[in-house]
Amino acid sequence: MKKLLTVIMALACFALTSYAQKNVEKQLIGKWCNPYTYQSTGELKGFHFQKNGKCSAINVPSLDLRTWKIDNGYLIIEGFSKEDNGKVEVYKTRERIGYVTSDSLELVVQEAQPRLAFLYLNMKSIKKLV
């Protein structure tokens, strides 16, 4: 009986984790821009997360982004970075998701106390929030 309960608990945890991840993935689909860049220069720069894990950069010509995914609470973005001298390097970033709402995406650095690393606002609402 104990083994059966353990298996049921494990399956329930997996199902909840999977559901939560799918929910976050749905929330991330869209265009996300850096509010500080927008506030200081009026430029919208950031990421466009699309269905099926496709990703592109918004107004950042040095980045040729290809994919995004969520893995165990981390947002992983991959593609290529083009330097001024023409050299192309693999680009991969892995940031912990602090929280995500329909308007805000917070990526944090996980240390003793989590602290804000990056903040992005949904492009649909950035002009009214900044």
Side-chain angles (χ1 to χ4, degrees):
M1 186 68 161
K2 276 187 173 181
K3 287 183 181 181
L4 179 60
L5 284 174
T6 303
V7 169
I8 290 172
M9 296 277 289
L11 289 173
C13 288
F14 177 76
L16 288 174
T17 302
S18 179
Y19 173 78
Q21 181 167 318
K22 291 291 181 194
N23 192 32
V24 171
E25 288 173 358
K26 283 182 182 179
Q27 285 184 291
L28 282 180
I29 292 173
K31 296 179 180 179
W32 297 89
C33 295
N34 184 309
Y36 307 111
T37 302
Y38 178 72
Q39 186 175 30
S40 64
T41 68
E43 294 177 288
L44 293 169
K45 294 186 176 200
F47 302 96
H48 183 190
F49 301 117
Q50 301 165 39
K51 291 180 182 178
N52 301 320
K54 295 186 186 281
C55 182
S56 59
I58 299 171
N59 295 324
V60 184
S62 62
L63 290 179
D64 178 16
L65 302 179
R66 303 292 174 91
T67 63
W68 71 277
K69 66 181 176 181
I70 297 173
D71 183 26
N72 200 24
Y74 287 87
L75 173 62
I76 299 169
I77 302 171
E78 296 180 343
F80 299 94
S81 174
K82 303 172 203 166
E83 295 182 14
D84 290 338
N85 63 6
K87 186 178 177 183
V88 176
E89 294 186 351
V90 172
Y91 175 90
K92 183 174 182 178
T93 184
R94 181 179 183 265
E95 303 291 343
R96 165 77 64 194
I97 298 172
Y99 72 85
V100 62
T101 67
S102 60
D103 293 326
S104 303
L105 167 61
E106 180 183 278
L107 303 175
V108 297
V109 175
Q110 195 71 33
E111 296 173 344
Q113 292 285 331
R115 65 180 172 84
L116 179 66
F118 300 102
L119 175 66
Y120 297 96
L121 298 178
N122 191 299
M123 193 182 235
K124 293 178 184 176
S125 55
I126 193 169
K127 292 179 182 178
K128 70 179 176 187
L129 295 174
V130 174

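Position 1 is the first residue of the sequence; numbering continues from there.
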Between Trp68 and Ile29, is there a side-chain heavy-atom distance shorter than 4.5 Å?
yes
Hey, does Ile126 have a side-chain heavy atom less than 4.5 Å from the side chain of Trp32?
no
Quick check: closest heavy atoms across Lys82 and Asp64, and the distance to 0.1 Å?
CE-CB, 3.9 Å
Could you list the donor-acceptor pairs under 3.5 angstrom formed between side-chain atoms of residues 46-62 and any protein atom two or more places apart in sequence or on another chain?
residue: Asn59; atom: ND2; partner: Leu44; partner atom: O; Å: 2.6

With no hydrogens and no angle check, do the side chains of Glu83 and Ser81 hold a donor and an acceptor under 3.5 Å apart?
no
Checking Tyr38 now: which residues fulfil ring pair (Phe, Tyr, Trp, His ring centres under 6.0 Å) with it, not counting sequence neighbours?
none
Mind checking what makes salt bridge (charged side-chain N to carboxylate O under 4.0 Å, His left out) contact with Lys92, not counting sequence neighbours?
Glu78
If I take atom NZ from residue Lys69 and atom CD from residue Glu25, how far apart are they, to the nearest 0.5 angstrom?
11.0 Å
Drop me the distance from Ile97's CD1 to Ile70's CD1, to the nearest 0.5 angstrom.
4.0 Å
Quick check for you: to the nearest 0.5 Å, what is the distance between Cys33 atom SG and Lys127 atom NZ?
9.5 Å
With a sphere of 6.0 Å drawn around CG of Asn85, does it hold more than 12 non-hydrogen atoms of other residues, nucleotides or ligands?
yes
Identify all side-chain donor-acceptor contacts of residues 98-105 below 3.5 Å with residues at least two apart in sequence or on another chain.
residue: Thr101; atom: OG1; partner: Asp103; partner atom: N; Å: 3.2
residue: Thr101; atom: OG1; partner: Ser104; partner atom: N; Å: 3.0
residue: Asp103; atom: OD1; partner: Ser125; partner atom: OG; Å: 3.0

Residues pairing under ring pair (Phe, Tyr, Trp, His ring centres under 6.0 Å) where one sits in residues 76-96, two or more places apart or in two chains, turn out to be none
Give a yes or no on whether Leu65 and Val88 share a hydrophobic cluster (residues Ile, Leu, Val, Met, Phe, Trp, Tyr; joining criterion: side-chain heavy atoms under 4.5 Å apart).
no
Any chain of hydrophobic side-chain contacts (each under 4.5 Å) joining Leu63 to Ile76?
no
Are Phe118 and Tyr74 linked, directly or through intermediate hydrophobic residues, by side-chain heavy-atom contacts shorter than 4.5 Å (ILVMFWY only)?
no
I'd like to know if the side chain of Asn34 and the backbone of Thr37 have a donor-acceptor N/O pair within less than 3.5 Å.
yes
With sequence neighbours excluded, tell me which residues meet salt bridge (charged side-chain N to carboxylate O under 4.0 Å, His left out) with Arg96.
none
CD/Gln39 to CG/Leu121 distance, rounded to the nearest 0.5 angstrom?
10.5 Å
